[in-house]
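Written out below as structure tokens is the structure these notes cover.
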2 protein chains.
Amino acid sequence: MKSRSYDSFFANFSNGTRLAIILCLKEKALSVGEIVEKVGGEQSNVSHHLEHLRRCKILNVEKKGKKRIYSLNKKTVMPMLRLVEKHVCNNCESCPMGCGSYAGG
Amino acid sequence: MKSRSYDSFFANFSNGTRLAIILCLKEKALSVGEIVEKVGGEQSNVSHHLEHLRRCKILNVEKKGKKRIYSLNKKTVMPMLRLVEKHVCNNCESCPMGCGSYAGG
DNA sequence: AACTCACATGATTAATATTTCATATGAAAA
DNA sequence: TTTTCATATGAAATATTAATCATGTGAGTT
């Protein structure tokens, strides 16, 4: 239950950068370059995060020429996000929970 | 999107100890002492984690004499856990995702 | 009132995760 | 086949979190 659980599923959502990546893929699949543009920061950093997300099957990859197109596993992710949105609405009127961070678009 | 999101909702599930606390409250509400017994470790540490969980309204507290009874916000938490269980079944046959960590009882 | 009990809190230390930097790889273009 | 583009990878540096230790607080007991 120790180190492994840190690399686990939920860690992907509790990290700002990874959450940003997830959110920016809600619309449509994007290449790494495009993701970097959207979320900002170093390419290598985004790449590291993409690996985590892929490992947990939150994202899928597909090669296309020399690009790699990442897409969101919506089946899991969308209901998850909705669940938390609802939770916040119901419980966190004005609590300091950082509610804004996942309520994207 | 920085430090705040770390203290955010999902962080509670990505931490082994906090997840253990959540799981041990699925059955019934427990006092701090009982939780400590179940999850092990120092009382103060458990207490710190309980605060996070309470802040995010994942747990509720109720005073009872000199004890404090913590209960789980099942409405949010249960469907969340189910969602991930399903995700793991569907996607992570044998991937090194630490799948065991939340599939508790 | 002094004493426990049950728990919380704050500061310090230890553990882990994320960022950055330098560089590697692999696909297409020239 | 050299070069460039798009992305990945590894190691070192930083930042963030969690665990520990010492102590505080408040409710009930004696």
Side-chain angles (χ1 to χ4, degrees), chain A residues 1-22 24-25 29-56 58-71 96-98 101, chain B residues 1-22 24-25 29-56 58-71 96-98 101:
Chain A
M1 177 77 102
K2 223 77 261 214
S3 61
R4 200 72 267 181
S5 75
Y6 271 85
D7 194 47
S8 92
F9 189 81
F10 286 111
N12 293 294
F13 293 85
S14 71
N15 172 287
T17 304
R18 268 178 263 182
L19 194 51
I21 292 173
I22 288 170
C24 87
L25 290 172
L30 296 173
S31 71
V32 176
E34 292 170 317
I35 295 171
V36 171
E37 265 192 47
K38 291 222 177 194
V39 311
E42 294 253 330
Q43 174 268 316
S44 64
N45 188 30
V46 169
S47 223
H48 281 304
H49 284 298
L50 287 171
E51 203 208 314
H52 290 151
L53 289 160
R54 197 185 14 162
R55 257 180 155 59
C56 290
I58 290 170
L59 302 185
N60 289 104
V61 216
E62 200 188 340
K63 292 190 183 182
K64 192 165 191 180
K66 48 186 165 184
K67 298 190 176 178
R68 301 207 183 171
I69 310 299
Y70 282 83
S71 61
M97 216 191 82
S101 38
Chain B
M1 176 76 100
K2 224 76 260 216
S3 61
R4 199 71 265 183
S5 75
Y6 270 84
D7 193 47
S8 93
F9 188 82
F10 287 111
N12 292 294
F13 293 85
S14 69
N15 173 288
T17 303
R18 267 178 263 183
L19 196 49
I21 291 172
I22 288 170
C24 87
L25 290 172
L30 296 173
S31 71
V32 175
E34 292 170 318
I35 295 170
V36 171
E37 263 191 50
K38 292 224 175 191
V39 312
E42 293 254 331
Q43 174 267 314
S44 64
N45 188 30
V46 170
S47 223
H48 282 305
H49 284 298
L50 287 172
E51 203 208 314
H52 291 152
L53 289 160
R54 195 183 18 161
R55 256 182 155 59
C56 291
I58 290 170
L59 302 185
N60 289 104
V61 216
E62 200 188 341
K63 293 191 182 180
K64 192 165 192 181
K66 47 186 167 185
K67 298 191 177 180
R68 301 207 183 170
I69 309 299
Y70 282 84
S71 61
M97 216 191 80
S101 38

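All chains are named by letter (A, B, ...) in the order of the sequence lines, taking the proteins before the strands, and each is independently numbered beginning at 1.
Taking atom OH on A:Tyr70 and atom P on D:dA6, their separation rounds to 15 Å, with Å as the unit. D:dA19 atom C1' lies 14 Å from atom CG of B:Leu50, rounded to whole Å. A:Ile69 places its CD1 atom 11 Å from the P atom of D:dA8, with the value rounded to the nearest Å. Rounded to whole angstrom, the span from the CD atom of A:Glu62 across to the C1' atom of D:dA6 amounts to 16 Å. Distance, B:Leu30 CG to C:dA6 P: 15 Å, rounded to whole Å. Look at NE2 on B:His52: it is 12 Å from P on C:dG10, rounded to the nearest Å. Rounding to whole angstrom units, NZ of residue B:Lys67 and P of C:dA8 are separated by 13 Å.
Comparing D:dT9, D:dA19, C:dT18 by their closest approach to the side chain of B:Thr17 singles out D:dA19.
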Check the interface with nucleotides 21-30 of chain D: list each N/O to N/O pair with the protein under 3.5 Å, or write none.
from   : atom 1 : to      : atom 2 : distance (Å)
D:dC21 : N4     : B:Ser44 : OG     : 2.8

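One finds no side-chain N or O of A:Asn15 lying less than 4.0 angstrom from the OP1 or OP2 phosphate oxygen of C:dA17. For the OP1/OP2 pair of D:dA8 and a distance below 4.0 Å, the side-chain nitrogens and oxygens of A:Arg54 include no atom meeting the criterion.
Note on B:Glu51 versus B:Arg55: salt bridge recorded, some NZ/NE/NH1/NH2 to OD/OE distance being below 4.0 Å.
You'll find the side chain of A:Leu25 reaches within 4.5 Å of the side chain of A:Ile35, heavy atoms only. No side-chain heavy atom of B:Asn15 sits under 4.5 Å from any side-chain heavy atom of A:Phe10.
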